[in-house]
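Some notes on the structure that comes next.
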Amino acid sequence: MSETDVHPSHFIRDIVLADQESGLHSGRVQTRFPPEPNGYLHIGHSKSICLNFGLAEEFGGQCNLRFDDTNPEKEETEYVEAIKADVRWLGFQWAKECYASDYFQQLYDWAEKLISDGKAFVCDLNAEETRAYRGTLTEPGRPSPFRERSVKENLDLFRHMRAGEFPDGTRTLRAKIDMASPNLNLRDPVLYRIKRAHHHRTGDAWPIYPSYDFTHGQSDSLEKVTHSICTLEFETHRPLYEWFIAQLDIFPSHQYEFARLNLNYTVMSKRKLLQLVKQGVVSSWDDPRMPTISGARRRGTPPLAFRRFCETIGVTKFNGMTDIALFEHTIRNTLNPIAPRRMAVLDPLKVTLTNYPEGKVEHITAINNPEDAAAGERQIPFGHTLYIDREDFLEDAPKKFFRLKPGGEVRLRNAYVMKCDEVVKDAAGNVIELKCTVDFATLGANPEGRKVKGVIHWVSAAHAVQAEVRLYDRLFTVEKPDGDKEHDFMEFINPDSLRTVTACLEPELALDAQKVRDQISANAQLPLREEGSGVDSAMRPMYSSDLRVQFERVGYFCLDEDSTAEKLVFNRTVALKDSWAKHK
RNA sequence: AGGCCCAUGGUGUAAUGGUAGCACAGAGGUUUUUGGUACCUUUAGUUGGGGUUCGAGUCCCUGUGGGCCUGCCA
């Protein structure tokens, strides 16, 4: 059974199931994924995406994509587009594309209703004073001196706020709840603030903007959301969420909270990710080292790996730390059955076959994927001069090293058994070439009377295609980069998170790349980096990263979008497991 | 500290009040023209203390530890 088919039970799934069985809302299930368009989506968001969209899918319901855009100062259209592309790339399709800003008028009307009902008031305290009146964790707050204004005066003032007649920050609309509540969110929370900022959708139509608390629950309610699933930090906001719905007597959406995903060796906060981009530590939001969805996509991570990973980590209220190794395992596991095998030499060392005729070329048949017979075969040219990986030769090899050594034999993957006769060095003593001989009786056959354990990959020098290969590693050197009070997370940047090499590839990879280019240009309206408009998720655009291969014995790689007809660029998605590395 | 929430191997999780299981990581092995994959074996766990019960990871009390809340952010 594949990992995707498994839907382990968790408390939220249990709740949805029980609600559906009891006939709540006639069994209808409506969820939503509510990002704020103030940054790119990261792997933590993918947990929420898989949960919300996955539950809707599983229970025959729908999931909306809703942009929580109530703070114009931080939100941009660029982020909206990136978020949509990421959700689609993960393979999900939203029922409706919504914006909290579409509800601004309704929200405003509801605010007037609360005022009319004596449940909200205009407060003239500034931010600092409001804080002082709020009290502390252990002391109750004091009522605002403006709390007892008349309904008429409140209504009048609020309308003037809306008309843009007061300076920013001079007044707020607040709910009248309980200044003594041990839950600080209930101490007369702010519903509206005056903020003359240009909004990415409503432009300058509004000088006042509703707060998250006054927006989120009502937005859910308007969309008839049955299960509003959010992260743990909103737990203490739930009473407020319910209060507004009760006062307004609107559709009773309910909020459920789960623990957000924490991954080691990375940072997840949008602020810190922005900092990495702004300070040039990474090239962009979609730098393959970023934990963003776009970064993972560019790195070659298949979307299915995200879905499987999110099923694997489960959903609980426990705030833990997931090992990145689990994600990497999921990526390998997902790629193994589908990634065609190719040979690529990352650190070329010249090998001359002294007993192989110069100018002769054989085309050797190789299996594309031992895990998938349907993947077929390909031809690989073999000739007098080869490249092998420098790593696969050792002059003074330890006992357990069963790759190439002087006088030793090794199997050339898919080809002959080869013996190292002579080591050629330069004046400085560096090995620059190996002179070897092949055993012609060993093509597709085991050698007579001896066992050759080592197998190494190779590329024919005459046919090798050069490419830039980017070897990515984790961005941070410590498990919790932002968990140190003394040191800033920027101090833990891994200096070797990117290593770029010029590799020699078997020519088939140039053909592979050409096919991808052809497919992408055949769909010219779907550019590489941007989402085409009007494309549903089933027809998502093709990305260069959709060419995912395994460089045998090395790792999984994908074609990078920086590739051109003249120059190929590959990214390492994840290395293969290497049990030899532990011996060293 | 006031309130709310949480606690199962190193990590992430599962277990109508009834044999503590799975995955990752670690160790060992089999197979292998990838030191990959697959398969097998193995190390390791219910936060402490009380109670209820024939029986408690599960229910109750209490301690300890952790998270969140004092934005006109979300």
Side-chain angles (χ1 to χ4, degrees), chain A residues 3 6 8-10 34-36 38 68-71 73-75 123 125-128 130-132 134-141 168-174 181-187 189-195 208-209 211-213 215-216 230-239 257 259 261 264 270 312-323 325-330 332-333 336-337 341 343 366-367 370-371 400-403 410-417 442 444-446 452-457 550-555 575-583:
Chain A
E3 290 167 58
V6 185
S9 173
H10 61 247
E36 182 188 11
N38 67 343
D68 226 330
D69 54 353
T70 57
N71 185 1
E73 285 165 346
K74 295 182 177 172
E75 295 148 7
C123 180
L125 260 25
N126 64 29
E128 197 182 327
T130 304
R131 193 178 315 125
R134 188 157 32 227
T136 67
L137 294 177
T138 49
E139 301 158 23
D168 284 15
T170 52
R171 284 185 167 85
T172 57
L173 181 73
R174 294 224 262 160
S181 171
N183 182 345
L184 302 237
N185 296 122
L186 263 22
R187 319 245 261 228
V190 169
L191 272 39
Y192 271 90
R193 68 273 210 199
I194 303 172
K195 190 184 291 238
I208 57 173
Y209 289 94
S211 63
Y212 164 86
D213 284 312
T215 306
H216 204 95
C230 62
T231 44
L232 248 31
E233 66 269 26
F234 293 101
E235 231 163 3
T236 51
H237 291 248
R238 192 182 342 123
E257 310 88 11
L261 169 66
N264 60 11
K270 286 185 191 170
T312 304
I313 58 178
V315 180
T316 67
K317 302 190 79 152
F318 175 68
N319 228 307
M321 175 78 78
T322 299
D323 194 340
L326 184 55
F327 188 46
E328 291 170 346
H329 167 262
T330 310
R332 287 191 197 99
N333 226 6
N336 179 45
R341 271 52 170 176
M343 290 200 285
I367 301 254
E371 308 290 324
K400 287 260 188 76
F401 185 83
F402 40 83
R403 275 116 97 154
V410 78
R411 162 73 69 178
L412 292 170
R413 175 72 167 153
N414 296 310
Y416 303 96
V417 167
T442 57
N446 284 324
V452 174
K453 181 146 170 100
V455 179
I456 65 172
H457 56 279
Q550 182 195 103
F551 289 174
E552 283 201 88
R553 304 205 314 126
V554 179
L576 248 36
K577 276 172 94 177
D578 184 3
S579 56
W580 166 247
K582 288 168 196 158
H583 287 277

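The structure presented is a predicted model; accordingly, all values stated were derived computationally and were not measured. The chains referred to below are lettered A, B, ... by the order of the sequence lines, with proteins before strands, and numbering in each begins at 1.
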Next on the checklist: Go nucleotide by nucleotide along RNA chain B from the 5' end; which of A:G320 and A:G454 gets its closest nucleotide reached first?
Outcome noted: A:G320

Say we look at [N] and [M]: how far apart would their [atom1] atoms be, to the nearest angstrom?
N     : M     : atom1 : value
B:U13 : B:U53 : P     : 35 Å
B:C22 : B:U43 : P     : 12 Å
B:G12 : B:G45 : C1'   : 13 Å
B:C40 : B:A25 : P     : 15 Å
B:C5  : B:U11 : P     : 25 Å
B:U64 : B:A1  : P     : 8 Å
B:G29 : B:G65 : C1'   : 40 Å
B:A74 : B:G21 : P     : 48 Å

I'd like a table of atom pairs between the protein and nucleotides 72-74 of chain B - only N or O on both sides, under 3.5 Å - with the distance next to each one.
from	atom 1	to	atom 2	distance (Å)
B:C72	OP1	A:R134	NH2	3.3
B:C72	OP2	A:R134	NH1	3.1
B:C72	N3	A:G169	O	3.2
B:C72	N4	A:L125	O	2.7
B:C72	N4	A:A127	N	3.0
B:C72	N4	A:G169	O	3.0
B:C73	OP2	A:R193	NE	3.1
B:C73	OP2	A:R193	NH2	2.9
B:C73	OP2	A:K195	NZ	3.0
B:C73	O3'	A:R193	NH2	3.2
B:C73	O2'	A:N71	ND2	2.9
B:A74	OP1	A:T70	OG1	2.6
B:A74	OP1	A:R193	NH1	3.3
B:A74	OP1	A:R193	NH2	2.8
B:A74	OP2	A:Y212	N	3.0
B:A74	O3'	A:D68	OD2	3.4
B:A74	N6	A:H237	NE2	3.2

Heavy atoms from C-beta onward define the side chain here; which of [options] lies closest to that of [X]?
X      : options            : value
A:T322 : B:U34, B:G12, B:G3 : B:G12
A:I313 : B:G12, B:U70, B:G2 : B:G12
A:M321 : B:G3, B:G12, B:G2  : B:G12

Checklist entry - Does a nitrogen or oxygen in the side chain of A:T236 sit under 4.0 Å from OP1 or OP2 of B:C68? => result no

Checklist entry - What residues, two or more places apart in sequence or in another chain, satisfy side-chain hydrogen bond (donor to acceptor under 3.5 Å, both in side chains) together with A:R187? => result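 Counting only residues at least two positions away or on another chain, A:R187 forms no side-chain hydrogen bond (donor to acceptor under 3.5 Å, both in side chains).
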
Would you mind reading off the distance between [X] atom [atom1] and [N] atom [atom2], rounded to a whole angstrom?
X      : N     : atom1 : atom2 : value
A:L184 : B:G3  : CG    : C1'   : 8 Å
A:I456 : B:G36 : CD1   : C1'   : 16 Å
A:R403 : B:U33 : CZ    : P     : 17 Å
A:E552 : B:G35 : CD    : C1'   : 13 Å
A:M343 : B:G36 : CE    : P     : 18 Å
A:R341 : B:U32 : CZ    : P     : 18 Å
A:N414 : B:U34 : CG    : C1'   : 9 Å

Checklist entry - Of all residues at least two apart in sequence or in a different chain, which pass the ring-ring contact (aromatic ring centres under 6.0 Å, His included) check with A:H457? => result none

Item to check | A:K195 to A:Y209, cation-pi by 6.0 Å centre distance and 45° axis angle | outcome: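 Verdict for A:Y209: no cation-pi partner in A:K195.
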
Would the distance check show the side chain of [X] and the main-chain N or O of [Y] forming a donor-acceptor pair, the cut-off being under 3.5 Å?
X      : Y      : answer
A:R341 : A:A366 : no
A:E139 : A:G135 : no
A:R134 : A:N185 : no

Next on the checklist: Between A:R403 and A:W580, is the side-chain contact (heavy atoms from CB on, under 4.5 Å) condition met? List the steps.
Outcome noted: CA-CA 11 Å; A:R403 275 116 97 154; A:W580 166 247; 3.3 Å; yes

Under 4.0 angstrom, heavy atoms only, what part of the nucleic acid is [X] near: base, sugar-phosphate, or nothing?
X      : result
A:Q550 : base
A:A415 : base
A:F551 : nothing
A:F402 : base
A:L576 : base
A:S181 : nothing

Checklist entry - A:H237 vs A:Y212 aromatic rings, parallel, tilted or perpendicular, using cut-offs 30° and 60°? => result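 Aromatic pair A:H237/A:Y212 classed perpendicular.
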
Next on the checklist: Please classify the glycosidic conformation of B:G71 as syn (within 90° of 0) or anti (everything else).
Outcome noted: syn

Next on the checklist: Given the structure, check if the side chain of A:R553 and the base of B:U34 hold any donor-acceptor pair shorter than 3.5 Å.
Outcome noted: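 Per atom types, no contact qualifies.
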
Checklist entry - Please walk me through it: do A:T236 and A:N183 pass side chain to side chain donor-acceptor pair (under 3.5 Å)? => result CA-CA 7 Å; A:T236 51; A:N183 182 345; 4.8 Å; no

Item to check | NZ/NE/NH1/NH2 to OD/OE distance under 4.0 Å, A:E257 and A:R238 | outcome: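 Looking at A:R238 together with A:E257, the answer is yes, because their closest N to O distance falls below 4.0 Å.
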
Next on the checklist: Wobble G-U and Watson-Crick pairs count when both distances are under 3.5 Å; given that, what is the 5' to 3' dot-bracket string of RNA chain B, with | for pairing to other strands?
Outcome noted: .((((((..((((....[..)))).(((((.......)))))....(((((..]....))))))))))).....

Item to check | Within 6.0 Å of CD1 in A:I367, more than 12 heavy atoms from elsewhere | outcome: no

Next on the checklist: Quick one, A:V455 and A:V410 - any side-chain contact, counting heavy atoms below 4.5 Å?
Outcome noted: no

Checklist entry - Taking the side chain as C-beta and beyond, is there a heavy-atom pair between A:N38 and A:N71 under 4.5 Å? => result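 Not in contact.
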
Checklist entry - Can you list the steps and then say if A:R411 with A:T442 is a side-chain contact (heavy atoms from CB on, under 4.5 Å)? => result CA-CA 9 Å; A:R411 162 73 69 178; A:T442 57; 4.2 Å; yes

Each nucleotide N or O in nucleotides 5-9 of chain B that has a protein N or O under 3.5 Å away: list the pair and distance.
from	atom 1	to	atom 2	distance (Å)
B:C5	O2'	A:E235	OE2	3.1

Item to check | Derivation of the salt bridge (charged side-chain N to carboxylate O under 4.0 Å, His left out) call for A:E36 and A:K74 | outcome: CA-CA 9 Å; A:E36 182 188 11; A:K74 295 182 177 172; 5.8 Å; no

Item to check | side-chain contact (heavy atoms from CB on, under 4.5 Å) evaluation trace for A:Y192 with A:R171 | outcome: CA-CA 9 Å; A:Y192 271 90; A:R171 284 185 167 85; over 6 Å; no

With 3.5 Å as the limit, what N/O pairs link the protein to nucleotides 22-29 of chain B?
from	atom 1	to	atom 2	distance (Å)
B:C24	OP1	A:H329	NE2	3.3
B:G26	OP1	A:K582	NZ	3.3

